[in-house]
Amino acid sequence: EVQLQASGGGLAQAGGSLRLSCAVSGFTFEDYAIGWFRQVPGKDREAVSCVGSSDSSTYYRDAVKGRFTISSDNAKNTVYLQMNNLKPEDTAVYYCAMLGDYSNSYYYKSKLGCPIVEYEYDSWGQGTLVTVSS
């Protein structure tokens with residue numbers, strides 16, 4: 001069974017840093033897209049970043065550009081989200097999700113890059129809470 005585990009959240013001060021990890025098991029970690037999403041109470045879940053292994057595509061929402069960096073370590077079956085210069089508005093539960101066999105997907109074949117919509121992803125982790133104080 002494919003499982004994702006998000007970790008690395010915690011409490012940070014504004015301007016501080018955290019690194020989130022998304023560890024994947026039960027899947028040969030070669031052909032995938034991984035997305036990071038976040039959600040706060042009363043708000044819709046929003047895409048933060050994603051990476052596609054087959055086309056090296058990446059995405060960052062405007063609010064985190066220049067501050068967050070997504071990276072992957074295929075040998076460890078893990079994708080990271082390095083979050084620098086954190087702001088209070090980054091406070092949310094962060095979820096990672098995986099689309100397996102990414103190279104067979106509509107997004108890949110259409111050269112759209114990794115998807116930023118929830119319904120395109122097959123598997124989800126339980127999330128990790130990030131709290132940023134001012």
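Any value given below was found using the heavy atoms of this structure, including those in side chains, with hydrogens, waters and symmetry copies removed.
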Listed pairs under 3.5 Å, donor-acceptor, residues 85-96 side chains, sequence neighbours left out:
| residue | atom | partner | partner atom | Å |
| --- | --- | --- | --- | --- |
| Asp90 | OD1 | Arg38 | NH1 | 3.0 |
| Asp90 | OD1 | Arg67 | NH2 | 3.1 |
| Asp90 | OD2 | Arg67 | NH1 | 2.8 |
| Asp90 | OD2 | Arg67 | NH2 | 3.4 |
| Asp90 | OD2 | Lys87 | N | 2.8 |
| Thr91 | OG1 | Pro88 | O | 2.9 |
| Thr91 | OG1 | Val132 | N | 2.9 |
| Thr91 | OG1 | Val132 | O | 3.4 |
| Tyr94 | OH | Arg38 | NH1 | 2.9 |
| Tyr94 | OH | Asp90 | O | 2.7 |

With no hydrogens and no angle check, is any side-chain donor or acceptor of Ser105 less than 3.5 Å from a backbone partner on Ser103? no

My understanding is that only residues two or more places apart in sequence, or in another chain, count here; which of them pass side chain to side chain donor-acceptor pair (under 3.5 Å) with Ser133? none

Within a 6.0 Å radius of atom CD on Glu46, are there more than 12 heavy atoms belonging to other residues, nucleotides or ligands? yes

Result block: side-chain N/O donor-acceptor pairs under 3.5 angstrom for residues 109-125, not counting sequence neighbours:
| residue | atom | partner | partner atom | Å |
| --- | --- | --- | --- | --- |
| Ser110 | OG | Tyr106 | O | 2.9 |
| Glu118 | OE1 | Arg45 | NH1 | 3.0 |
| Tyr121 | OH | Pro115 | O | 2.5 |
| Asp122 | OD2 | Gly100 | N | 3.0 |

Run the side chain to side chain donor-acceptor pair (under 3.5 Å) test against Ser54 and tell me which residues pass, sequence neighbours left out. Asp31

All pairs passing ring-ring contact (aromatic ring centres under 6.0 Å, His included) where residues 57-87 contributes a residue, at least two apart: none

With sequence neighbours excluded, what pairs up with Asp44 under the side chain to side chain donor-acceptor pair (under 3.5 Å) test? none

Run the side-chain contact (heavy atoms from CB on, under 4.5 Å) test against Thr28 and tell me which residues pass, sequence neighbours left out. Glu30

Where do Ser21 and Thr78 come nearest, in terms of heavy atoms and distance? CB-CG2, 4.2 Å

Here the pair of heavy atoms bringing Cys22 nearest to Leu4 is SG-CD2, 3.7 Å

Does a sphere of radius 6.0 Å around CD in Gln39 hold more than 12 heavy atoms from other residues, nucleotides or ligands, not counting ones at 6.0 Å or beyond? yes

Test side chain to side chain donor-acceptor pair (under 3.5 Å) applied to Ser72 - qualifying residues, sequence neighbours left out: Tyr32

Residues in salt bridge (Lys or Arg N to Asp or Glu O under 4.0 Å) with Arg19, at least two apart? none

For Tyr108, the ring-ring contact (aromatic ring centres under 6.0 Å, His included) test, sequence neighbours excluded, returns Tyr102

Considering residues at least two apart in sequence or located in another chain, which fulfil the side-chain contact (heavy atoms from CB on, under 4.5 Å) criterion with Gln3? Glu1, Ser25

For the residue pair Thr69 and Leu81, establish whether any side-chain heavy-atom pair is separated by less than 4.5 Å. no

